[in-house]
Amino acid sequence: HNFTVRTNHPIPTLAAKPTTQGWLAKSWILSDCYFVHNYCNRLTFRGTSTRGLYYTMQIMAGSAVLGQPSLVVLATVRRSAAPAGMPLRTNTRATPKRFLRLAVPLESRVQSMPTRASHRWSGFGDFSVMPQRKASASVYLPTGGARRSVVRMCGIIGIFRQDGHAAAEVYEGLLCLQHRGQDSAGLVTYDSERGRFREVKDNGLVTDVFNKEAMALLTGSVGIGHVRYPTAGSSSAQEAQPFFVNSPLGIYLIHNGNLTNTAALKESITHGDNFTRHLRTESDSEVLLNVFADQLQQAHKNDPENDIVEEVFTACKKTMQKVEGAYSVIQLINTVGMFAYRDPHGIRPLVLGKRSSMYGNEWCFASEDCAFGPIGFERVRDLNPGEAILITPDGKIISRQCVQGALNPCIFEYIYLARPDSVLNDISVYEFQLSLGRKLAQRVKEMGIVDEIDMVVPVPDGSRPAAIEMAAALDKPYREGLVKNRYVGRTFIMPDQRLRELSVRRKLNAMTTVFSGKRVLLVDDSIVRGTTMTQIVNMVRQAGATKVFLASASPPVKYPNVYGVDLPSKKEFIANNLTDEEVGRVLGADMLIYQTIEDLIAVGKEHNPRINQFDASCFDNKYVTPGITEEFLFDLEKAGRGKRQFQAEQPAPIGVASQPIRVASS
């Protein structure tokens with residue numbers, strides 16, 4: 001195995017090249033002195049020194065075939081002025097209970113890195129590394145992360161019926177939205193005859209949380225439901241939605257999105273001049289609920305004789321003026337009705353549905369209209385940015401534009417998050433993905449590799465529309481070569497890197513009869529961390545493919561998503577600080593073709609010309625809300641997945657059982 005180093009001042013980049021032995025190569029980024037990151041395939045890269053003197057690193061490569069660690073290289077990279085033979089340093093402040101100790105056999109054929117010959121770091125001096133051979137080591141891997149402010153992509157639904165119980169239909173709607181979250185589910189109904197809320201929520205899938213006994217408890221003709229996906233922080237049932245606040249009136253809330261000024265809002269409601277509130281969780285959704293409740297209480301205090309409906313809309317307007325970020329919300333307000341609103345940028349989707357009954361019109365709000373069909377609702381329209389809609393207890397619908405808005409929907413919804421049978425912001429997700437396939441096929445033609453492709457194969461399931469359209473545009477056979485186990489959750493949204501890696505091989509299997517002797521164009525909807533794709537490429541090669549080309553229907557993900565998708569740290573992204581060619585090599589592909597940002601935005605505007613700007617911040621680093629500074633992103637990283645890296649992996653303790661690794665003199 002050969003390791004090469006290239007210049008990218010002031011951040012060194014270490015890339016591992018694959019050999020015929022089959023273990024998967026990866027890339028790591030070491031920032032100034034604190035960054036620790038595990039990209040994928042059980043690889044770690046640790047930095048332990050302080051500024052300008054030296055860096056200590058550990059690299060552990062795992063076998064894709066055996067699923068076991070197969071190589072560890074311990075090395076010290078230093079400035080030439082530092083004394084030779086500097087011993088390996090570890091961080092004694094790391095808490096032992098936060099790590100799982102694994103014995104790892106070491107056996108490598110690593111050659112020492114050259115000291116010169118175009119391998120130079122500006123500002124760090126020349127260097128060389130002498131690897132340790134045939135040693136054994138004790139490697140400590142993190143077993144958990146700290147509690148964090150919850151950032152997630154979720155699914156929400158609310159149903160108003162004129163008679164009967166709403167719980168069964170909310171349940172069916174949540175099943176249609178299960179793709180938006182598999183960590184927990186919650187449902188609350190309002191029984192107007194008894195003036196009581198009924199709530200059930202817990203960790204697990206919809207079918208696990210709501211059994212026969214639970215459904216029997218959920219009486220009432222109005223109900224709201226929520227599903228969330230796993231996060232890097234707390235997964236306790238207490239974090240599951242809906243959230244409740246008793247005063248004023250009694251309000252339940254479900255929320256899809258993420259607030260970006262949570263800290264300031266939390267300070268204002270817990271230590272403000274007005275009535276202070278106690279928060280039970282770290283969720284920004286609970287903060288949003290309490291901000292709204294506080295504004296509703298203030299509206300009533302300012303004018304006790306005012307109509308309660310007007311007070312609710314006034315509270316919503318004040319809330320929108322205070323809150324920043326993305327939020328699509330459905331609330332149940334005691335004696336007032338079901339209340340839904342959407343942030344002034346319309347970043348997260350929220351759709352209104354309607355059906356007729358013998359007693360009058362019935363209404364439904366949902367994250368996606370794919371939830372409408374099975375329960376008999378028809379799509380009416382999307383809620384406008386900055387709009388709020390109230391469904392009163394007698395079924396009357398009241399709409400109010402609380403603040404002026406501009407539609408800037410998250411474009412990642414159309415690429416990865418939403419179901420293809422949904423229509424969001426008057427854009428068919430399926431048609432959008434077909435158009436991405438046509439644009440990407442043109443990119444493949446420009447690369448001049450059409451004659452080297454024997455067939456087009458999608459990575460199931462989200463890339464199928466794009467792959468089908470690409471195969472047609474390139475006049476190549478479309479084949480299903482990867483079989484998916486549908487009882488394994490999305491690896492992208494799993495909270496722990498090791499769990500994502502172990503899940504990949506349970507998730508997909510490559511068919512030898514399809515790939516043997518073929519030159520393959522693999523199409524995926526997006527490549528985020530590379531966890532799945534690296535192993536897929538390896539599987540396809542093992543199944544007999546002679547060449548593997550990769551095509552991503554989205555541009556490279558390089559920047560954090562701060563609006564409700566758990567992508568808080570750009571250092572997690574495989575495309576961070578790497579060129580497209582370098583990412584392709586890291587993934588083990590013969591060539592990687594990304595969709596361009598320009599083509600992606602063009603597709604969105606073709607399908608809805610009224611949208612002047614999409615939120616494509618994870619691709620172009622342009623955020624549609626104020627206050628997204630480098631300092632904010634740094635704090636978000638420390639509070640999210642990076643919290644585990646900052647606190648627990650600076651670095652993990654490493655004990656070497658045989659001779660210490662020494663640095664060769666320059």
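Everything numeric here is computed off the predicted structure, so don't read it as measured data.
Annotation for V459 and I536: closest pair CG1-CD1, 3.7 Å, computed over non-hydrogen atoms. Heavy-atom minimum distance, A553 versus L436: O-CD1, 3.8 Å. Between A551 and L440 the shortest heavy-atom distance is CB-CD2, 3.7 Å. A pairwise comparison of heavy atoms in Y414 and Q433 identifies O-NE2, 3.0 Å as the closest pair. Across all non-hydrogen atoms, the minimal contact from E480 to V514 is O-CG2, 4.0 Å. Scanning all heavy atoms of the two residues, the minimum distance from Y594 to A575 falls at OH-CB, 4.1 Å.
Residues satisfying the side chain to side chain contact (heavy atoms under 4.5 Å, CB included) test with C316, not counting sequence neighbours, are F292, M320, F339, Y341, A388, C402.
Counted by atom type alone, Y563 and S617 present zero donor-acceptor pairs between their side chains at under 3.5 Å. Side-chain contact of S285 with Q241: a donor-acceptor pair under 3.5 Å is present, judged by distance alone.
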Inset, instruction - Before giving the answer on side chain to side chain contact (heavy atoms under 4.5 Å, CB included), spell out for V312 and L296 the whole-Å C-alpha distance, their side-chain angles and the decisive distance to 0.1 Å. - result: CA-CA 6 Å; V312 167; L296 181 57; 4.1 Å; yes

Inset, instruction - For side chain to side chain contact (heavy atoms under 4.5 Å, CB included), just list the numbers for F549 and V444, CA-CA rounded to whole Å, side-chain angles, deciding distance to a tenth of an Å, and then say yes or no. - result: CA-CA 10 Å; F549 302 102; V444 172; over 6 Å; no

Legend entry - Residue pair K570, L633: steps toward the side chain to side chain contact (heavy atoms under 4.5 Å, CB included) verdict: CA-CA 9 Å; K570 66 181 180 181; L633 296 176; over 6 Å; no

Inset, instruction - Using the side chain to side chain contact (heavy atoms under 4.5 Å, CB included) rule, take N576 and K558 through it: C-alpha gap first, then chi angles, then the decisive distance, then the call. - result: CA-CA 5 Å; N576 180 45; K558 293 185 176 183; 5.6 Å; no

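Checked by atom type and distance alone, the side chain of E368 pairs as donor or acceptor with a backbone atom of R419 at under 3.5 Å. Judged by distance alone, the side chain of E378 and the main-chain N or O of R355 form no donor-acceptor pair under 3.5 Å. Side chain of W363 to backbone of G395: a donor-acceptor contact under 3.5 angstrom is found. In this structure, the side chain of Q401 engages the main chain of P385 through a donor-acceptor pair within 3.5 Å. Side-chain N or O atoms of E606 include none that pairs as donor or acceptor with a backbone N or O of P609 at under 3.5 Å. With hydrogens and angles ignored, the 3.5 Å screen pairs a side-chain donor or acceptor of D382 with a backbone N or O of N425. Proximity of a side-chain donor or acceptor of K476 to a complementary backbone N or O of V450 within less than 3.5 Å is detected. Side-chain atoms of R519 come within 3.5 Å of backbone N or O of E452 as a donor-acceptor pair. Using modelled atom types, one side-chain atom of N261 and one backbone atom of K322 make a donor-acceptor pair closer than 3.5 Å. No donor-acceptor pair closer than 3.5 Å links the side chain of N408 to the backbone N or O of V624.
Taking the side chain as every heavy atom from C-beta outward, I159 and C364 approach each other to under 4.5 Å. Residues F632 and V562 meet the side-chain proximity criterion, which asks for heavy atoms closer than 4.5 Å. Side-chain contact check for V227 versus Q182: every heavy-atom pair is 4.5 Å or farther apart. When side chains are defined from C-beta on, C176 does not count as touching F372, because their heavy atoms never get closer than 4.5 Å. In this structure, the side chains of C154 and R228 come closer than 4.5 Å at one or more pairs of heavy atoms. Using a 4.5 Å heavy-atom threshold, the side chains of L592 and M447 count as separate. Between K445 and L474, some side-chain heavy-atom pair lies under the 4.5 Å cut-off. Within the 4.5 Å cutoff, the side chain of R348 has heavy atoms near those of the C410 side chain.
Atom CD1 of I411 and atom CZ of F432 lie 4.0 Å apart (nearest 0.5 Å). In this structure, D615 CG and T625 OG1 are separated by 8.0 Å, a value rounded to the nearest 0.5 Å. A distance of 11.0 Å separates NE2 of H255 from CG of L289, quoted to the nearest 0.5 Å. Rounding to the nearest 0.5 Å places CZ of F412 at 7.5 Å from CG of N561. The line from OG1 of T319 to CD of Q295 is 5.0 Å long, rounded to the nearest 0.5 Å. A distance of 5.0 Å separates CD of E469 from CG of L434, quoted to the nearest 0.5 Å.
With respect to K266 and E286, no salt bridge is recorded, no charged nitrogen being found less than 4.0 Å from a carboxylate O. The pair R379-D369 meets the salt-bridge criterion, with a side-chain N (NZ, NE, NH1 or NH2) lying under 4.0 Å from an Asp/Glu carboxylate O. Taking a cutoff of 4.0 Å between a charged side-chain nitrogen and a carboxylate oxygen, E413 and R180 qualify as a salt bridge. Between K396 and D394 no salt bridge is recorded (no basic side-chain N to carboxylate O distance below 4.0 Å).
Checked options R400, R342, R381; the residue passing with E387 is R381 (criterion: salt bridge (Lys or Arg N to Asp or Glu O under 4.0 Å)).
With a 6.0 Å radius and a threshold of 12 heavy atoms from other residues, nucleotides or ligands, E446 has its CD atom above the threshold.
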